[in-house]
Amino acid sequence: MSITYLEAIREAQARALAEDPRVFIYGQDVGAFGGAFKATKKLAQEFPGRVVDAPISEDAILGAAIGAAIEGMRPIVEMQFADFSTVAFNQIVNQAATLHWRTQVPCPITVRLPSGGTSGSGPFHSQSMEAIYAHYPGLIVLTPATVDDAYSMLLEAVAIDDPVIFCEHKYLYYHLKAERLPTEAMPVGKARIAREGRDLTIVAYSAMVHEALEVAEELNGEGTQVEVVDLRSVKPLDTDTVMASVARTGRLLCVGEAFPWGGVTAEVVARVASEGFDLLDAPPQRLNAKDTPIPYHPTLWAAHRPTARSIAVAARNLLRR
Amino acid sequence: MNERTINREVSSIREDITAKRKAATAAVSRRTFVKRVSAIGAGTAVLSRVPTRPTKAQYGPPHADGLPAQQLTAMFTDMVKIRQWESKIKDLILKGGFRGVAHLYVGQEAVAVGVCSALRKDDYIASNHRGHGHLIAKGGDLKLMLAEITHKAAGYCKGYGGSLHITDVNLGILGMNGIVGASHLFAAGAAYGIKVKGTDQVAVSFGGDGSIQGNFFSSAANSAAAWKLPWIGVIENNAFQIWVRASDVYATPDLAQRAAGYGIEGRVVDGNDVLAVYGVAKQAVEKARSGGGPTLIECKTYRWYDHYGVAGARTGGDGAFGLGYRSDRELRDWMAKDPISRFRKFLVSEKVLTEAGADEITAEVRKAVEEAATFAEAQPVPKPEDGLLHVFAQGAVPLHTA
């Protein structure tokens with residue numbers, strides 16, 4: 001038996017619904033249709049009345065979910081695409097993120113964002129929003145890169161009493177498979193050493209972890225050992241694990257699929273530069289998507305986001321310094 | 001374009017709008033409209049007007065039917081509480097040294113008390129920026145509210161939120177809110193929770209005439225209608241959305257007419273008549289409790305003060321005068337319809353209260369408000385480092401890694 005990243009997300013939701021009567025799923029087409037990507041396939045039939053089709057109004061979806069959460073429910077909201085969560089931005093960053101701070105009433109909502117690029121999806125269906133939400137105090141932002149994490153971190157997201165932005169990568173939906181669902185998991189907020197090495201640290205998250213692992217394999221053939229750190233959650237950001245890795249390798253390359261201005265890679269580099277400058281043998285580097293909207297054309301798209309090829313170039317340059 | 005051309009264009013657009021509005025009103029009189037709307041959906045979608053100024057001659061003790069003297073007195077007391085508590089806030093601001101925002105509710109007391117008197121303690125209300133009245137009517141603690149609005153650590157939100165965010169879920173208060181329209185969605189969401197849990201609670205949202213402009217309201221009303229949620233939307237039409245006159249931005253005479261479009265019942269009621277509001281709210285609550293679905297209630301009332309703060313206000317008197325966007329005469333006309341004086345007169349004529357008894361209640365409330373102010377005054381302000389607390393409900397996130 002094998003299970004995909006997408007199926008793991010479906011299974012986590014099924015388990016959350018089965019184990020907690022306060023959980024319900026709210027989103028566009030999540031009911032009988034099973035969701036745009038089938039992440040809620042057959043859940044409406046299995047859990048009648050608890051997988052609810054929403055109006056095409058992201059603002060309204062989030063607002064109602066927050067109301068239900070204040071009342072004691074634990075909504076899982078599916079945004080059809082991460083990009084559309086901008087329509088609900090006010091609800092997420094003004095209402096949900098600050099609710100506990102300003103009223104001490106918890107806001108246990110999970111917002112699932114189908115994120116990141118797949119070829120040919122264009123500017124409004126490919127974006128990675130994690131940096132924007134990580135900017136706001138009060139939100140937890142998770143970016144699972146593996147089938148295990150997709151499953152266990154989604155379950156944990158639902159259990160957390162705070163609003164969680166769950167960035168699931170659309171490319172990994174079908175391309176990533178595991179033998180079975182995990183029975184144990186690392187805690188949220190802890191980064192994972194995806195591959196050990198002593199010459200260079202590549203910090204990545206979500207789909208970029210797999211590109212980084214490919215580069216590590218390639219460079220291993222050239223006698224260079226690359227350590228790959230999978231952040232797992234970008235907020236909280238596990239600075240300690242990153243710093244420990246940099247202490248071992250002395251070189252840092254941070255890779256993200258989002259736009260370059262500010263963002264997660266900038267945050268990682270800033271933290272390492274300010275707290276671990278003495279650990280570095282070379283200036284810390286980062287690699288992001290190009291500073292343009294995301295192209296529709298597959299060739300342009302492939303050139304827009306970091307790939308194993310462009311990461312390998314950046315890694316070799318950094319190793320020469 | 002120079003200024004003159006722009007002005008000319010603006011006035012021609014204005015004239016055009018006025019002409020269109022006149023034509024529209026002429027084409028469909030209200031009676032015709034009500035008749036037409038009533039015909040839709042075999043009575044499921046109706047706009048009904050509750051006669052204003054109910055008199056004993058017309059209705060017996062009309063909406064007070066079945067209301068014991070004790071509850072009538074409690075309603076009067078709550079209205080006085082709102083008036084006195086807010087007047088205290090106004091005086092504090094006028095006195096100076098008060099750093100905060102307050103959107104005063106004075107003049108609209110009949111709406112909050114009329115609606116909340118029809119609710120149980122475990123029912124929910126979602127309030128807006130002008131929400132002190134809703135909270136007091138739902139049982140909000142005068143001391144904790146006053147401490148919050150004066151930024152004290154003992155306040156409802158530990159001084160973090162101020163006026164705009166006061167919340168007490170134990171009293172069914174889902175919170176005031178600084179974003180216009182948010183209340184409608186939060187109450188609809190809570191109503192969904194109620195439906196899932198299968199209890200017979202109801203959820204009420206309070207919003208002003210401006211709160212139905214955006215998609216929050218539209219989605220709340222539509223979802224509540226489609227799923228027959230125990231949601232009651234209360235539109236407090238106080239004539240102004242911020243500083244814009246509602247009648248300048250709506251073409252329909254009644255905002256509750258919108259209910260028909262969602263397939264729910266719309267009611268229009270004199271928002272300065274607490275018993276009329278109570279009567280309509282009670283029917284809506286009973287319907288929602290028994291699975292009959294939502295109701296939209298428009299309460300026509302008037303804001304005695306400015307959108308926020310105390311411009312034009314004075315110590316020792318009610319109302320904000322000399323505001324550029326309305327005439328003092330209009331305000332005086334509405335102050336003559338003071339919901340508290342009207343109710344007091346009714347209670348005295350019905351022999352529920354004597355003049356002396358009503359005075360005594362007012363004096364007691366004033367004392368309680370003064371005590372709240374003294375309590376708040378004596379409380380410490382939050383420590384600066386406390387501002388780092390509560391960012392997350394689960395404090396498991398160490399600051400270093402946040």
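Each chain gets a letter, A, B and so on, in the order the sequences are listed, and its residues count up from 1.
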Student: Please determine, among I160(A), V105(A), V188(A), the option with the most heavy-atom pairs under 4.5 Å with chain B.
Tutor: I160(A)
Student: List the atom of A65(A), the atom of V77(A), and the distance in Å for their closest heavy-atom pair.
Tutor: CB-CG2, 3.6 Å
Student: For chain B, which of L99(A), I61(A), V52(A), L62(A) has the most heavy-atom pairs under 4.5 Å?
Tutor: V52(A)
Student: For the side-chain contact (heavy atoms from CB on, under 4.5 Å) test, which of I140(A), L231(A), V141(A) pairs with P236(A)?
Tutor: I140(A)
Student: For the residue pair T98(A) / Y136(A), report whether a side-chain donor-acceptor contact shorter than 3.5 Å exists.
Tutor: no
Student: So which part of Y156(B) gets closer than 4.5 Å to some heavy atom of chain A, the side chain, the backbone, both or neither?
Tutor: backbone
Student: For A191(A), which atoms come within 4.5 Å of any heavy atom of chain B: side chain, backbone, both, or neither?
Tutor: neither
Student: Which residue out of A226(B), G161(B), A188(B), G193(B) racks up the most heavy-atom pairs below 4.5 Å with chain A?
Tutor: G193(B)
Student: Between D59(A) and chain B, which part of the residue has a heavy atom less than 4.5 Å away: side chain, backbone, both or neither?
Tutor: both
Student: Name the region of T103(A), side chain, backbone, both or neither, that has any atom closer than 4.5 Å to a heavy atom of chain B.
Tutor: both
Student: For residues T143(A) and E130(A), is any side-chain donor paired with an opposing acceptor at under 3.5 Å?
Tutor: no
Student: Regarding Q28(A) and E58(A), is there a side-chain donor-to-acceptor distance under 3.5 Å anywhere?
Tutor: yes
Student: Just wondering, more than 12 heavy atoms not from F47(A) lying within 6.0 Å of its CZ?
Tutor: yes
Student: If you count heavy-atom pairs under 4.5 Å between each of L185(B), N215(B), V391(B) and chain A, which one has the most?
Tutor: L185(B)
Student: Give the interface residues of residues 175-184 of chain B toward chain A, defined by a heavy-atom separation under 4.5 Å.
Tutor: N177(B), I179(B), A182(B)
Student: Heavy-atom distances under 4.5 Å only: say whether A190(B) touches chain A with side chain, backbone, both or neither.
Tutor: both
Student: Regarding S223(B) and Y192(B), is there a side-chain donor-to-acceptor distance under 3.5 Å anywhere?
Tutor: no
Student: Measure the acute angle between the ring planes of W227(B) and Y26(A), then classify it against the limits of 30° and 60° as parallel, tilted or perpendicular.
Tutor: perpendicular
Student: So for L139(A), is it side chain, backbone, both, or neither that comes closer than 4.5 Å to the heavy atoms of chain B?
Tutor: backbone
Student: Under a 3.5 Å cutoff, is there a donor and acceptor pairing between the side chains of Q241(B) and Q213(B)?
Tutor: yes
Student: Can you tell which part of K195(B) gets under 4.5 Å to a heavy atom of chain A, answering side chain, backbone, both or neither?
Tutor: neither
Student: Would you call R130(B) and E236(B) a salt bridge, using N to O less than 4.0 angstrom?
Tutor: no
Student: So, are R232(A) and D238(A) salt-bridged, with charged N and O less than 4.0 Å apart?
Tutor: no
Student: What residue in G72(A), G67(A), P106(A), S233(A) has the most heavy-atom pairs under 4.5 Å with chain B?
Tutor: G67(A)
Student: Aromatic rings Y160(B) and W101(A): how do their planes relate, parallel, tilted or perpendicular, breaks at 30° and 60°?
Tutor: tilted
